[in-house]
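Fair warning: this is a prediction, and the values are worked out from it, not measured in the lab. By convention here, the first residue in the shown sequence is residue 1.
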Amino acid sequence: MYQADIAIVGAGMVGLALARALKDAPVSVVVIDTSPIHKPLSDEPELRVSAINAANQQALSELAVWQALPENRLSPYTHMQVWDHDSFGRIAFNCDDLGAPSLGHIVENQALVNALSEVVKTQQNVTLLPSVRIDKVLSGKSETMLMLNNDDVVSCRLVVGADGANSAIRQHGNFPLTFKDYGHTAIVATVRTELPHGKVARQVFTPSGPLALLPLRDPNLCSIVWSQTSETAQSLLAQDNAEFAKGLQIAMNGEVGHITVESARMHFPLTMRYARQWLSDGLVIIGDAAHTIHPLAGQGANLGLQDAFALADSIQQLVRDEKPFYLARHLRPFERARKAEAVKMIAAMEGFKQLFGGDNPLKKLVRGVGMRTADAIPGIKQKFITQAMGW
C-alpha cells in the first residue's frame, strides 16, 4: 500500500510538470500511469510535437527540466508568418522586435515527458507507478483510496486528474462537460522542404482549415499540423505521399519549395471540451482532462502546463497557511482563475476558426484588412506576440 498526500493520475507533460513543481513542497506525491513513462526516442523526430511558449520555457528552466532536454530535439523558432490563402492578409513576427532570443520552441512531446521523468524520479517526495491501471476509486472527504489492477492500493488526500481528454478521473467526479465537434480532423506528419525553414513557424488559413509548418532541428525538416474539414481530411489521407505533398505545396503557395513526406501520417478528430466543474473535495482535474481546444494557435499544451504550475502554487500556499489543500473551498480560487483562462482561449480559437473558415468575400475582406492593419501597427503586433509567448 502506498500512502501519499497527492496522487497524480496521468504521467504526461502536465501531470509530471505538477509533480516537479511540487519538488520543494512538504507533501508526498504518487504519479500513476497506464503506460511506461520514459520511452526511448527514435532517430527520427516524433510525430507529436508542441510549441512551448517563452513563459513555460522559463518555468521549466527554473525547475531544471529544460536543461534535461536533448539539444538535438529542441527547435527554437525566431519568426512567425501567418497569412490567409485566399486574401491579401498577412502578418509576421520577429523575436528581434522584442529583444528575445526566440519566440518559443518546438518540442517533441515524448522528449519533454522523458526530461520531466528524469528529474522527477530524483525527487525524494515522488513515487512513480508506471504501467498500472486504476480499477476503482473510493472517495472520501479527507481520504481517497485508489485500487490498482496489480492489487496495490494508493491512499491519498487529493487526486489530480491529468489523464487526458477522455479522463476517467473527470468521469468519476461526474463533472459536467461542454463539448463541440469542430468538424475538423488534424493530420500530423514530418516533411522535408526544398528550402530551409529558417526557424520560421508558418501558418496559412485555407477555406477548409489551417495548415501549420513547425520548424524542427534539421533546417529542412518541419512538423505539419493540417486541420481540415473531416471530409477533406479523409480525401487527403487516401492520397499517396506524392499527391499529399503536392497539396501541401499548393496550400503553402510554394513558400518552402518542393515538399516530400518523411514519415507516416497520423490523424485525430478535433473536439472542444470544457469541464464546467474542475474540482470537488479530494479531487481536481487539469490539462486536457479539463479542456481541449483547436490546435490552430498551438496553445493547448501551454494552457495545460499553466494549470499545473498554478495548482502547485495554490497547494504550496495552502500548506504554508496550514489549510487543508484537498478541500474544494480552498482550491476554488485556482479553479476560477484557470477556468477564466481556458474560456478565454476557447473563445479566441472559436473566433479565429469562424473568421478564417470558408470563402465568404466579406470575411475575406475583413480578415485581410485586419491582418494588414495589425501588421502595420507595432503596438497591436507586440500585444499579439507577447500573448503568444505567454507573458
Side-chain angles (χ1 to χ4, degrees), residues 44-51 81-90 106 109 165-166 179-195 197 200-216 220-273 288 292-300 349-364 367-368 371:
E44 302 303 319
E46 300 287 320
L47 289 183
R48 299 301 301 272
V49 303
S50 296
Q81 295 177 1
V82 182
W83 70 96
D84 188 6
H85 191 271
D86 290 333
S87 83
F88 56 85
R90 192 178 190 101
I106 307 303
N109 289 5
N166 299 312
F179 64 92
K180 176 184 177 181
D181 184 351
Y182 282 121
H184 274 190
T185 295
I187 304 171
V188 297
T190 302
V191 301
R192 183 169 294 278
T193 60
E194 178 186 8
L195 303 176
H197 53 61
V200 180
R202 295 173 169 88
Q203 181 155 270
V204 55
F205 288 93
T206 73
S208 52
L211 165 63
L213 254 71
L214 307 174
L216 298 176
N220 293 90
L221 281 185
C222 290
S223 176
I224 68 160
V225 183
W226 200 356
S227 303
Q228 294 285 279
T229 61
S230 296
E231 183 178 352
T232 302
Q234 289 306 312
S235 298
L236 290 170
L237 290 165
Q239 295 174 352
D240 62 25
N241 281 348
E243 288 180 292
F244 184 78
K246 185 177 180 180
L248 287 172
Q249 290 168 213
I250 293 171
M252 275 281 133
N253 294 329
E255 293 227 352
V256 289
H258 182 70
I259 295 174
T260 56
V261 179
E262 294 280 301
S263 72
R265 285 173 265 166
M266 182 187 296
H267 66 282
F268 47 92
L270 299 178
T271 304
M272 182 280 288
R273 299 175 181 85
D288 283 356
T292 60
I293 61 174
H294 199 288
L296 65 87
Q299 290 300 311
M349 295 308 99
E350 182 63 21
F352 274 121
K353 183 177 179 295
Q354 292 299 326
L355 178 60
F356 285 93
D359 54 6
N360 181 285
L362 180 59
K363 285 206 294 186
K364 285 184 188 179
R367 62 200 187 213
M371 293 178 80

> What pair of heavy atoms forms the shortest contact from Ser263 to Thr190, and how long is it?
Replying inline: OG-N, 2.9 Å
> Counting only N and O atoms by type, is there a donor-acceptor contact under 3.5 Å from the side chain of Gln249 to the main-chain atoms of Ile259?
Replying inline: yes
> So Val256 and His197, side chain to side chain contact (heavy atoms under 4.5 Å, CB included) or not? Walk me through it.
Replying inline: CA-CA 7 Å; Val256 289; His197 53 61; 5.6 Å; no
>> Apply side chain to side chain donor-acceptor pair (under 3.5 Å) to residues Ser208 and Gln228 and explain how you reach the verdict.
In response: CA-CA 5 Å; Ser208 52; Gln228 294 285 279; 2.7 Å; yes
> Between atom CD1 of Ile224 and atom CG of Leu214, what is the distance when rounded to the nearest 0.5 Å?
Replying inline: 9.5 Å
>> If you compare all heavy atoms of Glu262 against all heavy atoms of Val191, which two are closest, and at what distance to 0.1 Å?
In response: CG-C, 4.0 Å
> If only atom types and distance count, is the side chain of His294 paired as donor or acceptor with the main-chain N or O of Leu270 below 3.5 Å?
Replying inline: no
> Could you give the distance from CH2 (Trp226) to NE2 (His267), rounded to the nearest 0.5 Å?
Replying inline: 15.0 Å
> If you round to the nearest 0.5 Å, how far is CG of Leu216 from CD1 of Ile106?
Replying inline: 7.5 Å
> Is the backbone of Ser50 close enough, under 3.5 Å, to the side chain of Asn109 for a donor and an acceptor to pair up by distance?
Replying inline: yes
> If you count the non-hydrogen atoms of other residues, nucleotides and ligands that lie under 6.0 Å from CZ in Phe179, is the total more than 12?
Replying inline: no
> Which pair of non-hydrogen atoms, one from Cys222 and one from Pro215, has the smallest distance, and what is that distance?
Replying inline: SG-CA, 4.1 Å
>> Looking at every non-hydrogen atom in both residues, tell me the closest pair between Val188 and Val225 and how far apart they are.
In response: CG1-CG2, 4.1 Å
> Taking His184 as the fixed residue, which of Pro210, Pro269, Pro295, Ser230 is the one that meets the side chain to side chain contact (heavy atoms under 4.5 Å, CB included) rule?
Replying inline: Pro210
> Distance from Gln234 atom CD to Leu236 atom CG, nearest 0.5 Å?
Replying inline: 9.5 Å
>> To the nearest 0.5 Å, what is the distance between CG on Leu195 and NE2 on His258?
In response: 11.5 Å
>> Looking at Gln239, I want to see if its CD is surrounded by more than 12 non-hydrogen atoms of other residues, nucleotides or ligands under 6.0 Å.
In response: yes
> How far does CG of Leu237 sit from CE of Met266, to the nearest 0.5 angstrom?
Replying inline: 12.0 Å
> Backbone N or O of Glu255 within a donor-acceptor pair of the Asn253 side chain at under 3.5 Å?
Replying inline: no
>> Looking at every heavy atom in both Leu47 and Ala189, which two are closest together, and how far apart are they?
In response: CD2-CA, 3.9 Å
> Does Arg273 offer a backbone N or O that forms a donor-acceptor pair with the side chain of Thr292 under 3.5 Å?
Replying inline: yes
>> Main chain of Thr193, side chain of Asn220: is a donor-acceptor contact present, judged purely on distance under 3.5 Å?
In response: yes
